[in-house]
Each structure stands twice: as structure tokens, then as C-alpha cells.
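In the text below, chain A, chain B and the rest are named by the order of the sequence lines, each starting its count at 1. Because the structure is predicted, anything quoted here is derived from the model rather than measured.
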2 protein chains.
Amino acid sequence: MPMKHDIAQRLSQYRSVLYKLKALGFVRVFSDNLGDALEISPALVRKDFSTFSLTGNKRGGYRIDDLLDKLNRLLGKDKVQRIIIVGCGKIGQALMSYSGFTREGIQVVAGFDSNAAVIAPQASIPILDIKELKTYVKREGIRIAIVAVPDNSASHVFDLLRAAEIKGILNFAPVPLKGAEGCVVRNINIGLELENLFYLVRFAGKVPPQPAARPAG
Amino acid sequence: MPMKHDIAQRLSQYRSVLYKLKALGFVRVFSDNLGDALEISPALVRKDFSTFSLTGNKRGGYRIDDLLDKLNRLLGKDKVQRIIIVGCGKIGQALMSYSGFTREGIQVVAGFDSNAAVIAPQASIPILDIKELKTYVKREGIRIAIVAVPDNSASHVFDLLRAAEIKGILNFAPVPLKGAEGCVVRNINIGLELENLFYLVRFAGKVPPQPAARPAG
DNA sequence: GAAGATATGTGAATCGTTTCACAACAACGA
DNA sequence: TCGTTGTTGTGAAACGATTCACATATCTTC
């Protein structure tokens, strides 16, 4: 299953930059501008656009509105995306009220948890018992879930989501879940990202591969 | 600035898997095992290890304890890493009490915010006024910060952190910050990750680059 | 309406990463 | 002690992603 990964990410970034430019009153962009904004080469911008038949004008660059229309369609931004959050601890609840989502056309329609203390079916975003997960997902046609549970329940929750035929998971649990037939998984491990940062900071500038000394000899 | 990015990430993943294997009673591993665990080829595991002079035994694979020792040293896991969190809204506060950190030897030593209502210098993890950021960072020798502020304060906070000579930033604000001289930045944009997921789910199986029709002709 | 300037679109070259393939070597058994 | 087996370590090949380079199209100006 060889699927381009970075390019889709860039598509979203182009979109975001284009909205900012539009707000500033611009009508057209050049591949140079977008390249600068994303810190990539103009050639790559053009290649990306070419891949998705986003065409421009040989002299005047690309029409921003035109690009945005096509990108929005491509990224499914023409309709509100409805998601659920499994695990309503601190992080789960923080994400439930994250204002960045509504701005992006993403709607958290429900939370799920096994802890009776947090269940609140009448809240503006209802928090339901995890037992209702499968029924809810099927009835409401939910395709994407965020997982924000502790590491020891991660794989159990993963099974439940697979049984409910969820199509995509954004996993914040510190246990990497493996994608499977019909279900794409994106793992975000905050601890791991920090570790990575420690490493990069430690070796910034210096040569990383070369751990100090040879065994002598 | 050509710095390997994925390999450091993998180093942390090796470490995590090795601890699990060790807990299961294993003493040695083969590149095959690690390859399976990370869903990469055994050859890549060996190349990675070779890059960092993590050597094994031609017949009996690698000694887990040996690998862990060296990986821990390489990843700076031999001492506790002290970090701060800038922006103590819902997400910031959720991260402050995130139990995954302590398990990984990461200690959140303080939070910073501009909102007087959340400031609490006496809390077990003190939340201080953002005005004290620079002094604190310099006095305590903090190198890494997590940014969890709204989009409109992100770039201001970024400037403050740069002025305090922070060396690495994990940015959760939905505005990409650009790394700069002496400061590594890793952006995590949750909305963007979700968008990416929508895209991948939509085109799972199908050919992604090929938006329907050609212009005719 | 022709000449000049400027930006796209894309095949070919380049670059970095991953995989292949196999020599070198350690453990084990006879 | 000597073959057999199984695994590492690594140069070379393959692959994928990015950049180069330039032909091509459009706009502008005179």
C-alpha cells in the first residue's frame, strides 16, 4: 500500500497559507510565495499542484480562489467532518473543547469513556459509555476517532474501534497502534516527540552519528 | 542543515520496544524482531545500529541491556529532562499533569501564562506570569519548552522564547513556527493531522493522484 | 503585433533513504 | 577439530522524493 504521506500534509498547509494570503487581499500567488511559506522549493509546489491538476497561469501564477476551491474539495472541506473522542480524561476533554476544530470544519459530536464519573449524556457534547460506541458509530456514520486513553487501555479501545468499523484513528496514547485493513492510524506520541527534540537539541550543529570514542585499537 | 530526522525517532521506538521485551524476560533480540515491531525491514534496523556503533553478536543478535544502556545515553535518558509549558489553557494544563512524562524521565517544572486567573506560583507545578519567563529559563537552565497557546499569541510567545534562548520547542499552536538559528522547532498541528487523516481515509485503496477527469482532448 | 519579461509544467538529473545480497563471524553439534 | 547454521555488518543496487533546467505559454509594453 504505497501511499504518499507528505504530500497530503502539504496540501493542508497550502490551504492554510492561501487563506492567510486571501485575508491580506491577495488574489494570485506564485509558486515562490508558497515555497517560502512552507520552506520548500518552488519546484516542489508546482509538482504537487501538477499532481492534482491544480493548474495556474503561465504568467500570473495561480488564482487563490481557484486553488482554495479545489483544495477544499480534495480535502473534504466542503462538508463538516464529524468525529468522536474516545477517552475523556484531561487530554480528551481538552480536545473536546478545542476551538481550533470548529474553525477547521471539524465537529466533535461525542466523547466516550468507561469511567462512570465523567459520563454526561446531556452535555452539549455528550459523553457516553464506551459500551455504546459501536451502536453510535454505526448509526451516525462516524469514520474518524481520536484516541486519548491511558496506555493500558489503548489496545482494547483499538479493538472496539475496529469492531465498529472506524476508518481512521488519531492516536494520542503512548502505545503505537498499527494500522490495519480498512483503518488508517496516525500515532502522535508526545513523549516521543520530546525525546526526539532532546536529541536534536543535543546534537544541533554537531555530527550526530559518531558516539564519542572508538573502542580503542 | 541536513539532519537525519526519522532515525532519531526510530531510536526512541527501539528503546520503547526493548523495554517491553526486557519486561517479558528476553535477554537478546534480533534485527528481525525489532523490524517486525516497528514495521520496518531488519536491514534498516541493522543500518541504524551500525550508524551509532550499536554492535551485536554475529550469531546471538543484540544484548538488550547493552542496547538500552547505549540508547539511553544517546537519547539523554540518563538524566531527568526538565521542560516548561507556555500557555496553561486546557491543553497546556492537561499536558502539565500528563503521567506519561514522568514515566519517560521528563519533568514539567513550571507553566507560564499571561492570564492572571490561572497564575499559581505555589502549586506543585508552579504557574508563573509570562513576564518571568526569561529570568526563569536562564536561572534554571531550561532548554526545551512546549507551546500550547492560541494561534494569535503564538508568534509573540515564540519571540519571548527565542529571547530566553530556548533551544527546542514542541509547538501545539495551530500556527507553524519556523525553526531558527539555535532553536529547533517541532510543530504538531492537531487539526492538520485530522485533515490528513480525512484525506487518507477518503482515498484509501483508490489512486489518490488523479482527480477524476482530464480536460478532454 | 512583435519583442521582452516572467512564471508555469514537466522530463531528466540528483540526492537521501531503504533494501538487497553476501562476506565475515560466532555458536553449536558431531 | 571441523562442518553446519544463523545472524550481523556493510558496500552496492534500487527506490522515492526533490530539485534542476528549460520549453512553453501568457502578459505587458512600445
Side-chain angles (χ1 to χ4, degrees), chain A residues 1-11 13-14 17-18 21 26-67 70-71 196 200 203 207-211 214-215 217, chain B residues 1-11 13-14 18 21 26-67 70-71 196 200 207-211 214-215 217:
Chain A
M1 198 202 281
M3 189 146 211
K4 300 256 181 65
H5 58 297
D6 280 355
I7 195 175
Q9 199 97 211
R10 286 202 300 271
L11 251 31
Q13 291 179 264
Y14 293 136
V17 170
L18 287 169
L21 290 174
F26 287 87
V27 174
R28 303 172 163 281
V29 247
F30 305 122
S31 55
D32 291 42
N33 308 144
L34 290 168
D36 289 350
L38 304 213
E39 300 191 287
I40 59 182
S41 77
L44 182 53
V45 175
R46 297 201 296 276
K47 258 280 197 278
D48 284 348
F49 285 6
S50 156
T51 302
F52 291 97
S53 313
L54 305 177
T55 65
N57 199 298
K58 287 265 191 226
R59 176 80 180 266
Y62 302 87
R63 288 231 333 278
I64 290 182
D65 282 335
D66 194 24
L67 286 178
K70 289 185 176 165
L71 284 174
N196 198 217
L200 290 174
F203 293 109
V207 281
Q210 220 144 273
R214 283 174 308 129
Chain B
M1 199 202 285
M3 188 145 213
K4 302 257 181 67
H5 59 297
D6 281 353
I7 196 174
Q9 200 96 212
R10 286 202 299 269
L11 250 34
Q13 290 179 264
Y14 293 137
L18 287 168
L21 290 174
F26 287 87
V27 174
R28 305 171 162 282
V29 246
F30 304 122
S31 53
D32 292 42
N33 309 143
L34 290 168
D36 289 351
L38 304 213
E39 300 190 285
I40 60 181
S41 78
L44 182 53
V45 175
R46 296 200 297 276
K47 258 281 195 280
D48 284 348
F49 285 4
S50 157
T51 303
F52 291 96
S53 314
L54 305 177
T55 66
N57 199 298
K58 289 269 190 209
R59 177 79 181 264
Y62 302 86
R63 290 233 330 282
I64 291 182
D65 282 335
D66 194 24
L67 286 179
K70 290 184 176 166
L71 283 174
N196 199 216
L200 290 174
V207 281
Q210 220 146 272
R214 285 174 306 129

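If you take CG of L44(A) and P of dG16(D), they are 17 Å apart, rounded to a whole angstrom. Distance R63(B) CZ to dT8(D) P: 15 Å, rounded to the nearest Å. The interatomic distance linking D48(A) (CG) with dT10(C) (C1') rounds to 13 Å, in whole Å. When the P atom of dT19(D) is taken as reference, atom CD1 of I7(A) falls 13 Å away, rounded to whole Å. Note: NZ (K47(B)) to P (dC20(C)) measures 13 Å, nearest angstrom. In this structure, the CD atom of E39(B) is 12 Å from the P atom of dT19(C), given to the nearest Å. Atom CG of L54(A) and atom C1' of dT8(C) are 13 Å apart (whole Å). Between D6(B) atom CG and dT18(C) atom P there is a gap of 6 Å when expressed in whole angstrom units.
Remark: L18(B) CG to L71(B) CG distance equals 6.5 Å, nearest 0.5 Å. Of the inter-residue distances, the one linking L34(A) atom CG with R46(A) atom CZ reads 11.5 Å to the nearest 0.5 angstrom.
A close approach under 4.0 Å does not occur between any side-chain nitrogen or oxygen of S41(B) and OP1 or OP2 of dT18(C). Distances shown here put a side-chain N or O of S50(A) below 4.0 Å from the OP1 or OP2 atom of dT10(C).
Considering only residues two or more places apart in sequence or on other chains, D48(A) meets the side-chain hydrogen bond (donor to acceptor under 3.5 Å, both in side chains) condition with R10(A), Y14(A).
Contact of the L67(B) side chain with the F49(B) side chain is registered, since non-hydrogen atoms from C-beta on lie closer than 4.5 Å.
The residue R28(A) sits apart from the nucleic acid: no heavy atom pair falls under 4.0 Å.
The salt bridge (Lys or Arg N to Asp or Glu O under 4.0 Å) contacts involving residues 29-43 of chain B comprise nothing, where partners must be two or more places apart or lie in separate chains.
Shown here is R63(B), whose CZ atom has no more than 12 heavy atoms of other residues, nucleotides or ligands within 6.0 Å.
Each of R46(B) and P42(A) was assigned the nucleotide of DNA chain D with the nearest heavy atom; the assignment lying further toward the 5' end belongs to R46(B).
The shortest non-hydrogen separation linking N196(B) to A8(A) is ND2-CB, 2.9 Å.
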Between the protein and nucleotides 5-7 of chain D, list every N/O to N/O distance that falls short of 3.5 Å.
unit_1 : atom_1 : unit_2 : atom_2 : d
dT5(D) : O2     : R59(B) : NH1    : 3.1
dG6(D) : O4'    : R59(B) : NE     : 3.2
dT7(D) : O4'    : K58(B) : O      : 3.2
dT7(D) : O4'    : R59(B) : O      : 3.4
dT7(D) : O2     : K58(B) : O      : 2.5

